[in-house]
Amino acid sequence: MADRDGVIWLDGQMVPWREAKTHVLTHTLHYGMGVFEGVRAYKTERGPAIFRLQDHTRRLFNSAKILGMTLPYTAEVLNDAQIASVRDNGLESAYLRPMCFLGSEGMGLRADNLLVHAMVAAWHWGSYLGDEGIEKGIRIRTSSFSRHHVNVTMCKAKANGNYMNSMMALQEATRCGYDEAMLLDTEGYVAEGSGENIFIVRDGVLFTPDLTSALDGITRRTVIELAHEEGLDVIEKRITRDEVYIADEAFFTGTAAEVTPIREVDDRPIGSGTRGPITERLQSRYFDVVQGRDSRHEGWLTFV
Ligand SMILES: Cc1[nH+]cc(COP(=O)(O)O)c(CN[C@@H](CCC(=O)O)C(=O)O)c1O
């Protein structure tokens, strides 16, 4: 990722991509105290448009507040930086990574002279779980790693250090031949994927775990609103792994994952073992919205 042409926004300046570096004693590199977002810009007839930019930036600030970090930039500055990162890299569509981190001004848990730095990078990133996964569905397994306990890790913060749990779960899943992990909370109820929220469908009704141990996903909120527009009921409840097994359909949602059907969980086909009809309907609505083909939600688009 480091050796490519382009520019990266770093601490208020656009710098050449290869020069966007930080010192090995950068505090966040050692302790994981940082916050980030995953944001997508899509190609539309009116040019690139960033999806729900303001919501992502609001969550970035909320994440920082949870961790006790004060961001040295306003939301407007960070929004403008994200717009510029798509524009100045000449991207028609993009995945954006804003991230705020503690610098190398000090070391150790007690360092009290640390500055908060901010960066925004943008690059082209296709289907997170592959084009085939988007169309046919993916195979997932229940992770042996529990999702964070709510008083150990701050689940509403999209914090850098939270993602060791995600990576351990995803590595375990892929090493066992699956595409993704489904994590249970510390009481054994379904929480979310390593980088996605999860939905199941049963008798035409959508169910999704409540957000106790899951990130408040922006794609999750979007799909819930689209489902209501489609006349579908969505119930947030505690979901057990065997409820997923016997669901008619299941899918992940996330900025990177978009709407990805789940065709198999723990070697059990979900429904017909392919993308379900309601999943396909919501996936299609989602892509219409993010690609600017649905005028009802143009307010969610920030044109670059
Ligand atoms: C743990 C987790 N749960 C749910 C979501 C969905 O949230 P939202 O994107 O607001 O709908 C994400 C986003 N995962 C991001 C990071 C993926 C990565 O590989 O890094 C993403 O989808 O960009 C998570 O990381």
Side-chain angles (χ1 to χ4, degrees), residues 1 32 34-42 50-63 66 82 85 93-99 101 119-130 133-134 138 140 143 145-150 152-171 173-174 179-185 190-199 208-227 234 236 239 250-260 262 282-283 286-287 289-290 300:
M1 284 300 288
V35 293
F36 72 98
E37 276 296 321
V39 190
R40 276 195 188 264
Y42 286 88
I50 302 174
F51 186 60
R52 300 194 74 165
L53 171 61
Q54 293 73 20
D55 293 297
H56 280 282
T57 302
R58 183 176 306 116
R59 187 170 64 186
L60 185 72
F61 275 82
N62 285 343
S63 298
I66 291 168
Q82 292 175 78
S85 65
S93 65
Y95 182 81
L96 294 80
R97 177 52 57 87
M99 196 266 289
F101 61 98
M119 55 76 62
V120 179
W123 64 92
H124 175 72
W125 197 3
S127 300
Y128 183 60
L129 289 156
I134 283 275
I138 61 172
I140 71 175
S143 182
F145 298 96
S146 296
R147 201 59 176 155
H148 308 291
H149 184 282
V150 293
V152 171
T153 306
M154 302 294 102
C155 301
K156 297 299 162 294
K158 196 168 172 63
N160 299 33
N162 291 6
Y163 286 79
M164 191 176 71
N165 174 245
S166 294
M167 287 179 67
M168 296 288 280
L170 180 55
Q171 281 176 5
T174 54
D179 302 304
E180 200 26 292
M182 177 173 76
L183 290 103
L184 309 179
D185 65 22
V190 175
E192 57 183 340
S194 70
E196 311 90 357
N197 294 109
I198 189 167
F199 286 79
T208 191
D210 66 54
L211 291 173
T212 305
S213 300
L215 187 72
D216 182 359
I218 292 166
T219 314
R220 176 182 182 273
R221 282 187 242 155
T222 301
V223 166
I224 289 173
E225 188 159 342
L226 297 179
V234 184
E236 294 184 49
I239 295 174
F251 59 90
F252 277 141
T253 63
T255 297
E258 297 166 312
V259 177
T260 296
I262 298 167
L282 291 172
Q283 189 183 61
Y286 183 78
F287 284 122
V289 168
V290 299
W300 281 339

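In listed order, ligands and their atoms are each counted from 1. Numbering starts at 1 and runs along the sequence shown.
- Here the two rings, on Y128 and Y95, have centers that are 6.0 Å apart or farther.
- Judged by the shortest distance from any of its heavy atoms, R40 lies outside the 4.0 Å radius around the atoms of ligand 1.
- Of the charged side-chain nitrogens involved, none lies within less than 4.0 Å of a carboxylate oxygen, so that E192 and R220 do not count as a salt-bridged pair.
- Using a 4.0 Å cut-off between heavy atoms, M167 makes no contact with ligand 1 at all.
- Of the protein's non-hydrogen atoms, I218 N, 3.5 Å is the one closest to atom 8 (P) of ligand 1.
- With N165 contributing its side chain and S146 its backbone, the two residues share a donor-acceptor pair below 3.5 Å.
- One finds the CZ atom of F101 at 5.5 Å from the CE atom of M99 (value rounded to the nearest 0.5 Å).
- No side-chain donor from either of S213 and H148 sits under 3.5 Å from a side-chain acceptor of the other.
- If you number the atoms of ligand 1 from 1 as listed, the ones under 4.0 Å from a heavy atom of N197 come out as 4 (C), 6 (C).
- Looking at G254 next to ligand 1, no N or O pair under 3.5 Å apart turns up.
- Here the protein heavy atom with the shortest distance to atom 1 (C) of ligand 1 is R147 NH2, 3.0 Å.
- In summary, the side chains of T57 and Q82 do present a donor paired with an acceptor at a separation below 3.5 Å, with no hydrogens or angles considered.
- Within the 4.0 Å heavy-atom criterion, neither part of R52 lies near ligand 1.
- With hydrogens and angles ignored, the 3.5 Å screen pairs a side-chain donor or acceptor of N162 with a backbone N or O of M154.
- Here R59 has side-chain heavy atoms under 4.0 Å from ligand 1, and that is the only part of it that gets that close.
- No N or O atom of A257 sits closer than 3.5 Å to an N or O atom of ligand 1.
- Closest protein heavy atom to atom 11 (O) of ligand 1: T219 OG1, 2.7 Å.
- For the residue pair S166 / R147, a side-chain donor-acceptor distance below 3.5 Å is found, with atom types taken as modelled.
- T219 places a side-chain N or O within donor-acceptor distance of the main-chain N or O of T255, the cut-off being under 3.5 Å.
- In this structure, atom 18 (C) of ligand 1 lies nearest to the protein heavy atom Y128 OH, 3.8 Å.
- At least one N or O atom of Y95 sits closer than 3.5 Å to an N or O atom of ligand 1.
- Backbone and side-chain nitrogen or oxygen atoms of Y163 are examined, and one is located within less than 3.5 angstrom of a nitrogen or oxygen of ligand 1.
- Residue T255 has at least one N or O atom closer than 3.5 Å to an N or O atom of ligand 1.
- Those atoms of ligand 1 that come under 4.0 Å of a heavy atom in S194, given as number and element, are 1 (C).
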Quiz prompt | Check against side-chain contact (heavy atoms from CB on, under 4.5 Å), I198 and I262 | solution = CA-CA 9 Å; I198 189 167; I262 298 167; 3.8 Å; yes
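- Nearest to atom 5 (C) of ligand 1 by heavy-atom distance, out of G195, A214, G217, is G195.
- Looking at E180 and S194, their side chains do bring a donor and an acceptor atom within 3.5 Å of each other.
- Each of the atoms 1 (C), 2 (C), 3 (N), 4 (C) of ligand 1 lies under 4.0 Å from some heavy atom of E192.
- Only one option out of R97, R59, R58 pairs with E37 in a side chain to side chain donor-acceptor pair (under 3.5 Å); it is R59.
- Backbone and side-chain nitrogen or oxygen atoms of K158 are examined, and one is located within less than 3.5 angstrom of a nitrogen or oxygen of ligand 1.
- Residue contacts with ligand 1: R97 is placed with a nitrogen or oxygen under 3.5 Å of a nitrogen or oxygen of the ligand (distance criterion only).
- Applying the 4.0 Å criterion to heavy atoms of A256 picks out, from ligand 1, the atoms 21 (C), 22 (O), 23 (O).
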